[in-house]
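Only one structure is covered here, and it is reproduced in the block below.
Throughout, protein chains are lettered first and strands after them, A, B, ... in sequence-line order, and every chain is numbered starting at 1.
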Amino acid sequence: MLEKMIFGRYVPGNSFVHRLDPRSKLLFVFLFIVAVFLANNTATYALLLAFTLLVISIARIRLYFLFNGLKPILFLIIFTLLMHFIFTKEGALLIDWKFLKIYEEGVRQGIYISIRFLVLVLMTTILTLTTSPISITDGMETLLNPLKRFKLPVHELALMMSISLRFIPTLMDETDKILKAQLARGSDLTSGTVKERIRAVVPLLVPLFVSAFKRAEDLAIAMEVRGYRGGEGRTRYRQLDWQWRDTVVIILFLVLVVALFWLRGGN
Amino acid sequence: MKEILSLDHVSYSYESEDGVTRRAVDDVNFTVNDGEWIAIVGHNGSGKSTLAKLMIGLLFPEQGKVKVFLEELNADNLWEIRSDIGIVFQNPDNQFVGSTVQDDVAFALENNGIPFEEMVPRVHESLAQVNMEGFLDHEPHHLSGGQKQRVAIAGALAMRPKLLILDEATSMLDPQGRDEVIQVVDELKRTTGLTVISITHDLEEVLLADRVIVMNDGKLLLTGKPEEIFAHGDKLESIGLDLPFAARLSRSLRQAGVGIQGEHMTEEELVNELWTSHFNK
Ligand SMILES: Nc1ncnc2c1ncn2[C@@H]1O[C@H](COP(=O)(O)OP(=O)(O)OP(=O)(O)O)[C@@H](O)[C@H]1O
Ligand SMILES: [Mg+2]
């Protein structure tokens with residue numbers, strides 16, 4: 001069930017999109033999210049949708065894989081669409097069948113909003129599918145670097161994030177081990193009332209927390225003896241490399257914005 | 001012989017929550033020379049890890065002096081001295097900082113401000129020294145314990161340390177992982193003349209050492225060559241330490257009246273003694 005969910009997952013690959021610098025991808029997705037709100041008519045929404053599909057094909061992500069993985073979110077989108085169909089009562093009446101009255105404006109609004117939602121979800125999913133979490137962290141750290149002047153602890157935040165990412169699999173394994181150990185002692189997480197089940201989680205969480213604190217302490221010592229004293233005077237092993245293709249991405253974005261302004265309905 | 005590290009009447013106590021102070025290290029003296037391999041043994045809680053922490057300035061002695069590279073450790077020279085000491089701890093998972101093998105090896109280099117152009121060859125070189133050069137981009141959870149510990153050693157080697165401390169670095173590994181790590185350290189010592197202090201429960205590891213230090217309840221009980229130490233069989237057993245199998249067998253045979261001479265550390269020594277013992281009569 002969880003394996004199929006691809007929102008936020010990374011799948012290594014070697015496409016044009018995979019090889020982009022995380023900074024250009026992050027910048028692009030962030031600006032794209034803003035630009036989506038420029039769309040206000042059929043032509044602009046169609047353009048956004050077409051553009052997104054183009055990016056998917058460049059990233060060599062199979063549509064079936066993508067939509068299958070996003071099923072729960074697609075349900076949400078379809079639900080929004082239906083709500084608009086049923087409850088918006090403006091424009092010409094299209095269908096009038098017993099209780100059900102569907103108006104032209106409802107259909108239009110529903111479709112627009114669904115497309116907006118869909119392209120946002122798709123773009124961010126493409127970002128995480130094609131960029132390793134650690135690259136995203138690196139990109140964020142560099143992009144947010146100017147904010148250091150306003151006392152934002154950019155380096156510390158990035159380090160926290162990379163260490164958390166590094167420890168997720170370790171703690172997952174640990175949870176699994178503790179779960180099995182508690183099951184072997186007769187703890188039952190799968191039956192009983194909600195209250196009983198919540199109570200059964202406690203013996204799972206307590207050892208997990210204890211061990212996580214122990215790990216944190218060990219890690220802090222290991223970092224200190226290897227000379228970690230904060231971001232000051234540190235060099236970086238992971239180098240980001242802005243290439244021609246990253247400039248292309250930014251130009252492509254500008255072209256998209258110009259096209260959106262040009263196709264936009266005036267109001 | 002050049003001195004690398006010395007402890008001069010060093011003591012340290014921990015204060016527990018209920019206000020009781022416990023001497024974890026009590027008036028300990030010893031000197032480690034350049035190129036030596038020292039093994040420190042002792043029962044659980046005998047103060048071995050506390051010693052390691054004193055050596056690398058995670059703790060400062062209550063009494064006495066800790067000198068590293070002939071300088072007394074203090075808050076001013078702490079970071080500089082640390083950059084010349086590598087230390088590897090027990091738990092392979094809890095000392096892996098980077099998200100991949102190469103990031104982890106580079107961590108100390110980054111902290112010490114080594115420029116990027118120099119980091120790349122150093123990372124590759126250190127990984128080659130521990131036979132892990134094929135694992136640059138591997139993530140920690142896809143590595144075995146022994147591999148993680150070898151990466152941790154590479155991370156220490158990247159700073160080109162003069163002294164490597166292993167605090168039970170092999171105790172959480174399976175026999176194969178343990179052999180891998182010991183082999184790597186042995187090889188390093190022979191090829192680069194690295195000084196090694198290894199805190200261990202593993203008797204094979206003790207036999208590789210030039211000198212053994214036995215700790216008991218915070219005090220230094222015995223020090224000497226491995227064969228000298230294992231000659232004190234009863235004393236070791238009385239403080240809860242094991243003897244190597246060959247040494248135990250040799251002792252039992254002698255006690256049973258089999259005419260063999262001296263102590264035997266390894267099976268080979270014992271076998272040689274046994275099959276030649278008749279000629280010597
Ligand atoms: N942070 C601490 N606070 C209080 N007491 C401590 C602390 N760390 C260690 N001790 C105590 O100091 C003594 C020596 O501990 P140390 O960890 O040095 O022993 P060790 O020889 O490394 O043991 P082991 O073989 O179990 O690793 C023990 O009695 C221990 O309970
Ligand atoms: Mg210890």
What residues of residues 137-144 of chain B sit under 4.5 Å from chain A when you count only heavy atoms? B:P140, B:H141
Verify the neighbour count for atom [atom1] of [X]: are there more than 12 heavy atoms of other residues, nucleotides or ligands below 6.0 Å?
X	atom1	value
A:Q239	CD	yes
B:K67	NZ	no
B:E62	CD	yes
A:E156	CD	yes
A:R229	CZ	yes

Check: [Y] and [X] side chains under 4.5 Å, non-hydrogen atoms:
X	Y	value
A:T235	B:F116	no
A:R166	B:D93	yes
A:R226	B:M159	no

Under 4.5 Å to a heavy atom of chain B? For A:T170 that would be side chain
With a 4.5 angstrom heavy-atom cut-off, which part of A:L165 approaches chain B: side chain, backbone, both or neither? neither
With chain A as the partner, which of B:I56, B:D103, B:L58 has the greatest number of non-hydrogen pairs under 4.5 Å? B:D103
Interface check, chain A: of B:I85, B:V97, B:V88, most non-hydrogen pairs under 4.5 Å belong to B:V97
Donor-acceptor contact below 3.5 Å, side chain B:N112 vs main chain A:G227: no
Would the distance check show the side chain of B:Q95 and the main-chain N or O of A:A222 forming a donor-acceptor pair, the cut-off being under 3.5 Å? no
Would you name the heavy atoms of B:F96 and A:F167 that are closest together and state the gap between them? O-CE1, 4.3 Å
Note: B:E110 and A:R238 closest approach over all heavy atoms is OE2-N, 4.3 Å
Using non-hydrogen atoms and a 4.5 Å limit, figure out which bit of [X] sits close to chain A: side chain, backbone, both or neither.
X	value
B:Q102	both
B:L78	neither
B:D104	both
B:V123	side chain

CG of B:L109 to CZ of A:R234, rounded to nearest 0.5 Å, is 10.0 Å
Just how far is it from atom CD1 of A:I221 to atom CZ of B:F89, taken to the nearest 0.5 Å? 6.0 Å
Could you give me the CA-CA distance, side-chain angles and deciding distance for A:M223 and B:F107, then say whether side chain to side chain contact (heavy atoms under 4.5 Å, CB included) is met? CA-CA 8 Å; A:M223 286 169 68; B:F107 184 69; 3.9 Å; yes
